[in-house]
Amino acid sequence: MTSGTPQISLYNTLTRTKEPFTPLDANNVRMYVCGPTVYDFAHIGNARPVIVFDVLFRLLRHVYGAEHVTYVRNITDVDDKINARALRDYPDLPLNEAIRKVTEKTEAQFLSDARALGTLEPTVQPRATDNIAEMQALIGSLLQRGHAYNAAGEVLFDTTSMPDYGQLSGRNLEDNLAGARIAVDAHKKNPADFVLWKQSSDSEPGWDSPWGRGRPGWHIECSAMSERYLGQTFDIHGGGLDLIFPHHENEIAQSRCAHGTHAMANIWMHNGFLQVEGQKMSKSLGNFVTINELLETGAMGGRAWIGDVLRLAMLMTHYREPIDFSVKRLEEAEAKLRDWQRAARGAELAEDAAPDASVVAELTDDLNFHRAAVALDFIAKKANRDGGESARSCLAATLRFLGFGLSSLLTSGDGWEEPPHIATAIADRLAALNSRDFAKADAIRNELAEQGIALMDYKDETGQRQTRWEMKHD
RNA sequence: GGCCACGUGGCGGAGUGGUUACGCAGCGGAUUGCAAAUCCGCGUACUCCGGUUCAAUUCCGGACGUGGCCUCCA
């Protein structure tokens with residue numbers, strides 16, 4: 001990190017303020033984000049943290065160097081919802097086999113969705129089931145330090161053993177007591193106590209442990225995996241707003257009490273929720289939509305949308321604000337991205353070309369992507385004016401930095417090869433135009449239009465009429 | 001009931017104690033064989049009620065509305 005390093009500031013849920021970000025170790029900036037529980041296809045709400053924290057990952061890599069950032073996003077592959085799904089979908093298979101089928105299939109789908117959304121792979125994507133021993137070690141340490149107790153075959157965290165429990169969510173134990181709407185399990189010392197390890201019946205997945213054959217509670221996996229890959233204290237922990245309580249609160253309690261530290265992560269970041277067409281997303285309302293459906297079916301607006309468009313539609317709104325995910329929003333994102341790609345087309349793009357500094361500067365202000373987009377508009381406008389070569393390259397480099405394809409909306413995707421008949425048709429049409437046979441020229445244009453190809457005429461530097469084309473998406 | 005967000009023009013969406021985004025759509029112009037694309041120009045706003053202030057959309061209080069959490073839901 002040099003003196004010229006841009007200063008990043010981030011909103012910290014822990015302090016409810018925006019703070020300047022200073023990594024514990026600028027040579028290894030460490031971020032943990034709660035990943036999916038792999039029991040079902042990821043829905044569009046799940047996509048938000050995936051995309052938002054990818055932008056942060058890219059920003060951190062830019063500022064501190066790609067080799068100096070470690071991003072961990074876990075895969076939760078042990079969970080009672082998974083068990084239920086396995087029983088439902090594969091009733092004839094032995095449970096362990098059925099569970100593996102569910103988790104492998106869902107994880108593969110998630111990784112494919114994440115790729116389609118233009119995200120970089122996290123540095124490490126650990127699975128909960130590969131970290132059972134680490135979880136058990138953590139639980140052992142909590143018991144030893146008097147922060148946990150064994151009751152009715154379960155190991156529970158003793159919330160009263162932590163004086164500042166509830167710091168992140170702004171709750172105290174009394175609040176929780178007053179709000180408790182479910183019957184408190186009789187074996188809990190305090191209603192807020194939560195399970196670290198629970199017993200498994202013969203028909204449930206389980207691992208041997210000092211406390212009997214069982215399985216981990218929900219929160220302990222993240223404490224274990226973040227410690228393994230990032231250490232006892234690290235820089236940034238992220239996830240959705242709903243995870244503040246109880247998940248992150250309890251992660252903090254476990255990690256800090258097990259290690260005797262004052263902080264698990266210095267900065268806690270939470271993305272806002274989204275609605276679909278003005279309503280909260282739920283299966284009963286029928287507006288529950290998966291990433292895969294958006295990519296491949298007409299689930300929204302009767303047509304499919306490319307990942308780049310979903311990505312921009314998500315980033316158009318600041319990550320902490322609520323989003324109303326709608327067809328109109330998708331259309332607007334598509335139009336905007338197309339504008340940028342048009343302005344950047346034909347750009348020279350060096351391998352190491354740096355993104356625009358003003359765009360980076362906007363992102364350093366708590367990921368103000370919208371202002372970054374305004375800066376991009378400005379560059380695109382410059383590129384579209386005469387002599388916009390440098391602006392064009394800058395735009396291309398910046399789009400790449402932000403995780404967008406450079407021609408995904410103009411052709412059938414980056415790296416796609418132009419069918420030869422298009423060039424032939426365009427040449428024929430230009431010949432017709434030069435002999436002022438407009439009827440023939442228009443016929444060719446209409447024919448291509450029916451194939452979803454739009455033509456645009458322009459004049460090159462010598463004043464010659466030229467034609468370029470792009471795909472129409474709808 | 002407790003805790004936490006949010007409420008800006010037709011739409012999206014920043015930001016600010018006083019001048020004020022930006023984009024989309026809309027309108028006008030340039031360009032074009034006609035288009036498309038592109039460029040130039042133009043409009044309407046800060047949920048309501050109090051308070052602080054010379055001045056509030058911006059600060060404080062309240063109301064109303066929306067959403068989230070308190071139930072292993074991102």
Side-chain angles (χ1 to χ4, degrees), chain A residues 13 16 33-37 39 42-53 76 78-82 166 168-172 174-183 191-192 194-195 198 216-219 221 238-247 249-250 270-275 278-282 313 316-318 320-324 326 328-329 331-336 338-339 342-343 345 362 365 368-378 380-381 383-386 388 433 436-439 441-442 445-446 449 454-459 465 467-470 472:
Chain A
T13 305
R16 311 266 166 191
V33 174
C34 290
T37 300
Y39 72 103
H43 57 68
I44 188 61
N46 295 311
R48 196 167 186 189
V50 172
I51 293 169
V52 163
F53 291 105
T76 295
V78 52
D79 183 280
D80 289 350
K81 287 197 296 293
I82 296 173
L168 181 72
S169 57
R171 292 160 203 269
N172 54 45
E174 290 69 37
D175 289 340
N176 284 335
L177 192 59
R181 289 200 309 228
I182 52 166
F194 55 91
V195 174
K198 56 184 157 189
W218 176 30
H219 319 293
E221 56 177 86
L241 207 57
D242 60 317
L243 293 180
I244 294 174
F245 191 90
H247 185 52
E249 195 70 81
N250 291 347
H270 296 94
N271 61 270
F273 259 48
L274 61 80
Q275 295 179 269
Q279 290 190 297
K280 98 169 162 193
M281 183 165 60
S282 74
M316 271 175 359
T317 300
H318 186 91
R320 283 191 278 117
E321 298 293 314
I323 285 187
D324 182 15
S326 62
K328 184 158 187 176
R329 167 182 286 270
E331 286 169 348
E332 192 172 325
E334 187 177 73
K336 177 55 64 192
R338 184 185 282 121
D339 283 350
R342 274 179 186 148
R345 74 188 297 158
E362 298 293 9
D365 181 15
N368 196 333
F369 187 91
H370 199 276
R371 289 189 74 92
V374 170
L376 270 182
D377 278 339
F378 186 73
K381 188 150 279 191
N384 281 331
R385 291 195 187 116
D386 295 338
L433 284 174
R436 304 195 63 78
D437 184 350
F438 296 124
D442 289 350
R445 186 166 67 189
N446 290 338
L455 297 187
M456 279 148 251
D457 295 340
Y458 66 101
K459 287 186 175 146
R465 189 207 287 256
T467 299
R468 67 179 179 216
W469 63 274
E470 61 185 53
K472 292 190 284 192

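Numbers restart at 1 for each chain; the letters A, B, ... are given by sequence-line order, proteins then strands.
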Least distance between heavy atoms, [X] atom then [Y] atom:
| X | Y | value |
| --- | --- | --- |
| A:Trp218 | A:Pro246 | CZ3-CG, 4.0 Å |
| A:Arg329 | A:Ala313 | NH1-O, 2.7 Å |
| A:Gln275 | A:Lys280 | NE2-N, 3.8 Å |
| A:Leu433 | A:Ala441 | CD2-CB, 3.6 Å |
| A:Val78 | A:Pro216 | CG1-CG, 4.2 Å |
| A:Gly272 | A:Leu241 | CA-CD2, 4.3 Å |

### Query
Using Watson-Crick pairs (N1 to N3, plus N6-O4 or O6-N4) and G-U wobble pairs, both distances under 3.5 Å, which stems of at least 3 pairs involve RNA chain B?
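Consecutive-pair runs (3 or more) involving RNA chain B: B:1-7 with B:64-70, B:10-12 with B:22-24, B:26-30 with B:38-42, B:47-51 with B:59-63.
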What's the separation between atom [atom1] in [X] and atom [atom2] in [Y], rounded to the nearest 0.5 Å?
| X | Y | atom1 | atom2 | value |
| --- | --- | --- | --- | --- |
| A:Arg468 | A:Leu455 | CZ | CG | 11.5 Å |
| A:Asp377 | A:Asp339 | CG | CG | 7.5 Å |
| A:Asn271 | A:Ile51 | CG | CD1 | 10.0 Å |

When rounded to the nearest Å, what value does the distance between [atom1] atoms of [N] and [M] take?
| N | M | atom1 | value |
| --- | --- | --- | --- |
| B:C40 | B:C54 | P | 44 Å |
| B:G1 | B:A63 | P | 12 Å |
| B:G12 | B:G62 | C1' | 31 Å |
| B:C22 | B:A45 | P | 15 Å |
| B:C60 | B:U53 | P | 16 Å |
| B:U8 | B:U66 | P | 14 Å |
| B:A5 | B:U38 | P | 42 Å |
| B:C6 | B:U58 | C1' | 16 Å |

### Message
Test your reading of the model: is there a side-chain donor-acceptor pair from A:Asp324 to the backbone of A:Gly278, 3.5 Å cut-off?
### Response
yes
### Task
Give a yes or no answer on whether the side chain of A:Asn368 reaches the backbone of A:Arg371 with a donor-acceptor pair at less than 3.5 Å.
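Yes, the answer is positive, given that a donor and an acceptor are paired below the 3.5 Å cut-off.
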In this structure, how many angstroms lie between the [atom2] atom of [N] and the [atom1] atom of [X], rounded?
| X | N | atom1 | atom2 | answer |
| --- | --- | --- | --- | --- |
| A:Lys81 | B:C72 | NZ | P | 9 Å |
| A:Phe53 | B:A74 | CZ | P | 14 Å |
| A:Glu321 | B:U66 | CD | P | 18 Å |
| A:Arg342 | B:C39 | CZ | P | 10 Å |
| A:Arg16 | B:C3 | CZ | C1' | 9 Å |
| A:Leu241 | B:C4 | CG | P | 13 Å |
| A:Met456 | B:A37 | CE | P | 7 Å |
| A:His318 | B:G7 | NE2 | P | 12 Å |

So, is [X] near the phosphate of [N], with a side-chain N or O under 4.0 Å from OP1 or OP2?
| X | N | answer |
| --- | --- | --- |
| A:Lys280 | B:G68 | yes |
| A:Ser169 | B:C3 | no |
| A:Asn384 | B:C39 | yes |
| A:Arg385 | B:C40 | yes |
| A:Asn368 | B:G15 | yes |

### Query
Do A:Phe273 and the base of B:A74 stack face to face, with centres under 5.5 Å apart and an angle between planes under 30°?
yes
### Message
Using side-chain heavy atoms (C-beta onward) and a distance below 4.5 Å, is A:Lys336 in contact with A:Met316?
### Response
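No, their side chains stay 4.5 Å or more apart.
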Base, sugar-phosphate or nothing for [X]? Non-hydrogen atoms, less than 4.0 Å.
| X | value |
| --- | --- |
| A:Arg48 | nothing |
| A:Thr37 | nothing |
| A:Leu455 | base |
| A:Asp79 | base |
| A:Glu470 | nothing |
| A:His270 | nothing |
| A:Glu331 | nothing |

### Message
Walk along nucleotides 21-33 of chain B from 5' to 3' and tag each nucleotide B, S or - by protein heavy-atom contact under 4.0 Å, base first, then sugar-phosphate.
### Response
BSB--------SB
### Query
Considering only side-chain heavy atoms of A:Asp242, which listed nucleotide, B:G13, B:A37, B:C69, is closest?
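The closest nucleotide is B:C69.
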### Query
For A:Ala454 and A:Lys198, take the nucleotide of RNA chain B holding the closest heavy atom to each; which residue's nucleotide lies nearer the 5' end?
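Here A:Ala454 is the residue nearer the 5' end.
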